[in-house]
Amino acid sequence: MSNQKREPGGCGCASIPFSVILLFLGGGYWLFTQRDNLDIGRFLNHEIIADIPFINTWEFPTNQSPPTLPDISDPPKTTQPQPQPQPQPQPETPPQSPTIQPPSPLPSLPLNTWEGKPIRGIYLSRYKATNNASEETIRARVRYYRDRGINTIIHGVWGNACTMYESQVMQAKFGYNSCQNLFQEEWIDWLIDEAHKHGMEVHAYFEKGIKIDENSHAFDLAVQRGWIVPGVDRTHPGVDHYVLNVGIPEVAQFFTDIMVEFVQKYPQIDAVQWDDYLGYHDELPGQIDRTPKLTNFVRNMIAQMKAANPSVSFDICHHNPYWAKQYFAADLEAWGVDRFFIQVYAEENFDDEMVYVEASDGISITERQLNRLPELIDNPNIPNILLFPLSGEPERLADKVHEFTI
């Protein structure tokens with residue numbers, strides 16, 4: 001048998017001196033008895049502390065609250081959740097349309113300024129904007145006058161017994177439905193629409209009124225039917241006019257039907273206007289007072305027009321009331337028109353005419369009276385000013401007025 005050295009077995013405790021074992025046991029006992037006075041936990045990780053029973057029983061520092069532990073002597077009480085009030089469904093309110101407030105009215109300007117005049121109008125011949133004119137041409141023309149301080153376009157739609165629109169009344173009475181030029185049927189609609197977009201008005205101008213000349217397509221038929229007053233009207237030099245006799249019921253009804261048809265065909269028109277051609281010149285042969293029949297005709301025509309379209313104004317631009325009644329059988333003050341403007345187309349007696357102008361709704365002047373424009377503007381008793389381009393050049397007249405008023 002070999003003589004090998006055997007390794008000691010067990011844990012090796014027998015090799016530890018007995019005094020060391022006593023020291024270790026005594027120190028452990030002292031630590032246990034002093035556990036409340038020593039804060040050993042601050043040297044240890046909190047997760048380790050949780051696994052050491054006797055350290056885990058130590059109190060928390062005075063600045064922390066101890067954890068609340070459940071009382072296991074009784075079964076845990078189940079807390080029933082209290083019912084929470086449920087929101088009550090609100091009845092659905094239909095969406096309300098947004099309230100649109102009307103725009104605040106612009107401040108009124110004094111009448112002794114150009115912009116303060118309610119009507120700053122210009123006449124355009126019935127052929128000026130119609131013959132072969134495109135929509136853009138007509139709309140551009142409206143904007144042109146707007147930019148020159150004009151707020152009312154008085155445009156011819158009738159003259160020499162024909163219309164500048166397709167008329168069933170004309171077709172039934174004369175066998176043709178309009179004047180013979182290349183107008184587009186919508187031109188009046190375009191004119192009104194563009195003007196209203198810019199706060200402007202359109203007044204339909206019935207040029208020449210009840211007078212015709214030999215170039216009228218209705219002339220021969222009017223002669224054959226006996227519709228013409230005997231004699232020639234030479235009120236305006238260079239043109240021989242013939243006057244249709246509205247004292248004849250058929251003639252009076254024809255013009256009334258024309259007026260009613262127009263305001264129904266163009267319900268957005270702001271006004272219609274007739275001029276001094278609504279009258280009989282006193283130089284016509286025969287000593288006949290045609291005043292009563294002319295008055296009855298005009299009053300009846302206005303009444304039927306208003307019945308067809310109450311919103312349209314009926315205006316007249318004529319001589320002063322004295323001259324109109326004395327020389328043209330036109331008793332203007334008895335007609336019941338909405339607005340009455342006085343033509344002052346000559347320098348003679350201009351100042352005398354102001355008495356009548358100030359008593360009326362305004363004045364109509366031509367290029368020859370532009371030197372008078374500042375005083376007319378400054379006069380608060382003249383609310384409206386109309387411009388008649390005697391030269392046939394309304395754009396040029398508007399440019400001159402703009403130079404005066406800026």
Side-chain angles (χ1 to χ4, degrees), residues 125-127 130 156-181 183 204-236 238-266 272-305 307-308 314 316 318 324 327-331 334-335:
S125 164
R126 64 188 184 279
Y127 290 106
T130 58
V157 300
W158 158 275
N160 217 9
C162 68
T163 57
M164 299 304 299
Y165 54 91
E166 294 182 358
S167 166
Q168 295 180 2
V169 175
M170 290 293 305
Q171 183 68 47
K173 193 63 64 176
F174 292 108
Y176 58 93
N177 63 6
S178 67
C179 297
Q180 302 303 308
N181 78 318
F183 69 86
Y205 181 29
F206 282 76
E207 295 182 77
K208 302 186 78 167
I210 61 175
K211 297 184 182 183
I212 61 175
D213 59 41
E214 294 182 355
N215 293 321
S216 171
H217 294 284
F219 181 77
D220 291 338
L221 282 176
V223 172
Q224 293 174 14
R225 296 171 180 175
W227 283 10
I228 293 178
V229 174
V232 180
D233 186 324
R234 294 188 173 91
T235 306
H236 296 278
V239 182
D240 288 346
H241 283 114
Y242 300 86
V243 186
L244 296 173
N245 189 356
V246 295
I248 300 172
E250 187 179 4
V251 177
Q253 191 60 51
F254 164 70
F255 279 106
T256 300
D257 291 345
I258 284 289
M259 189 62 54
V260 169
E261 178 187 52
F262 180 81
V263 298
Q264 289 179 331
K265 186 178 180 71
Y266 302 102
V272 298
Q273 184 179 121
W274 288 53
D275 60 12
D276 59 316
Y277 282 82
L278 185 54
Y280 301 95
H281 195 259
D282 68 337
E283 292 182 359
L284 292 171
Q287 300 298 317
I288 303 173
D289 184 8
R290 298 184 173 88
T291 304
K293 289 187 176 181
L294 183 60
T295 297
N296 290 337
F297 159 70
V298 175
R299 291 181 65 86
N300 180 66
M301 182 172 63
I302 294 174
Q304 292 199 36
M305 185 203 81
F314 186 94
I316 190 76
H318 216 294
Y327 299 105
F328 296 92
D331 189 1
W335 285 2

Taking the side chain as C-beta and beyond, is there a heavy-atom pair between [X] and [Y] under 4.5 Å?
X: Met170; Y: Tyr176; value: yes
X: Val243; Y: Ile228; value: no
X: Trp335; Y: Phe314; value: no
X: Phe328; Y: Asp282; value: no
X: Tyr242; Y: Glu214; value: yes

Of Leu278, Ile316, Val246, which is the lone residue that meets side-chain contact (heavy atoms from CB on, under 4.5 Å) with Val298? Leu278
Applying the side-chain contact (heavy atoms from CB on, under 4.5 Å) test to Trp274, which of Glu207, Met259, His318 qualifies? Met259
Starting at [atom1] of [X], measure out to [atom2] of [Y] and round the result to the nearest 0.5 Å.
X: Asn160; Y: Asp213; atom1: CG; atom2: CG; result: 4.0 Å
X: Ile212; Y: Asp233; atom1: CD1; atom2: CG; result: 12.0 Å
X: Tyr165; Y: Lys265; atom1: OH; atom2: NZ; result: 8.0 Å

If you take all heavy atoms of [X] and [Y], which pair is closest and at what distance?
X: Ala161; Y: Ser216; result: CB-OG, 3.7 Å
X: Ala308; Y: Val263; result: CB-CG2, 4.0 Å
X: Val157; Y: Ala204; result: CG2-CB, 3.8 Å
X: Ala222; Y: Leu244; result: CB-CD2, 3.9 Å
X: Ser167; Y: Ile258; result: OG-CD1, 3.8 Å

Could you check whether atom [atom1] of [X] has more than 12 heavy atoms from other residues, nucleotides or ligands sitting under 6.0 Å from it?
X: Glu283; atom1: CD; answer: no
X: Lys173; atom1: NZ; answer: yes
X: Gln168; atom1: CD; answer: no

Non-neighbouring partners of [X] that pass side chain to side chain contact (heavy atoms under 4.5 Å, CB included), sequence neighbours left out:
X: Asp275; answer: Tyr205, Tyr277, Gln343
X: Ser178; answer: Thr163, Phe183
X: Val239; answer: His241

Summary of side chain to side chain donor-acceptor pair (under 3.5 Å) pairs that have at least one residue in residues 221-230, sequence neighbours excluded: none
Quick one: side chains of residues 249-257, donor-acceptor pairs under 3.5 Å with protein atoms, not counting sequence neighbours, listed by atom name and distance.
unit_1, atom_1, unit_2, atom_2, d
Gln253, NE2, Asp257, OD1, 2.7
Thr256, OG1, Ala252, O, 2.9

Are the aromatic ring centres of His281 and Tyr327 under 6.0 angstrom apart? no
Who passes ring-ring contact (aromatic ring centres under 6.0 Å, His included) against Tyr280, sequence neighbours left out? none
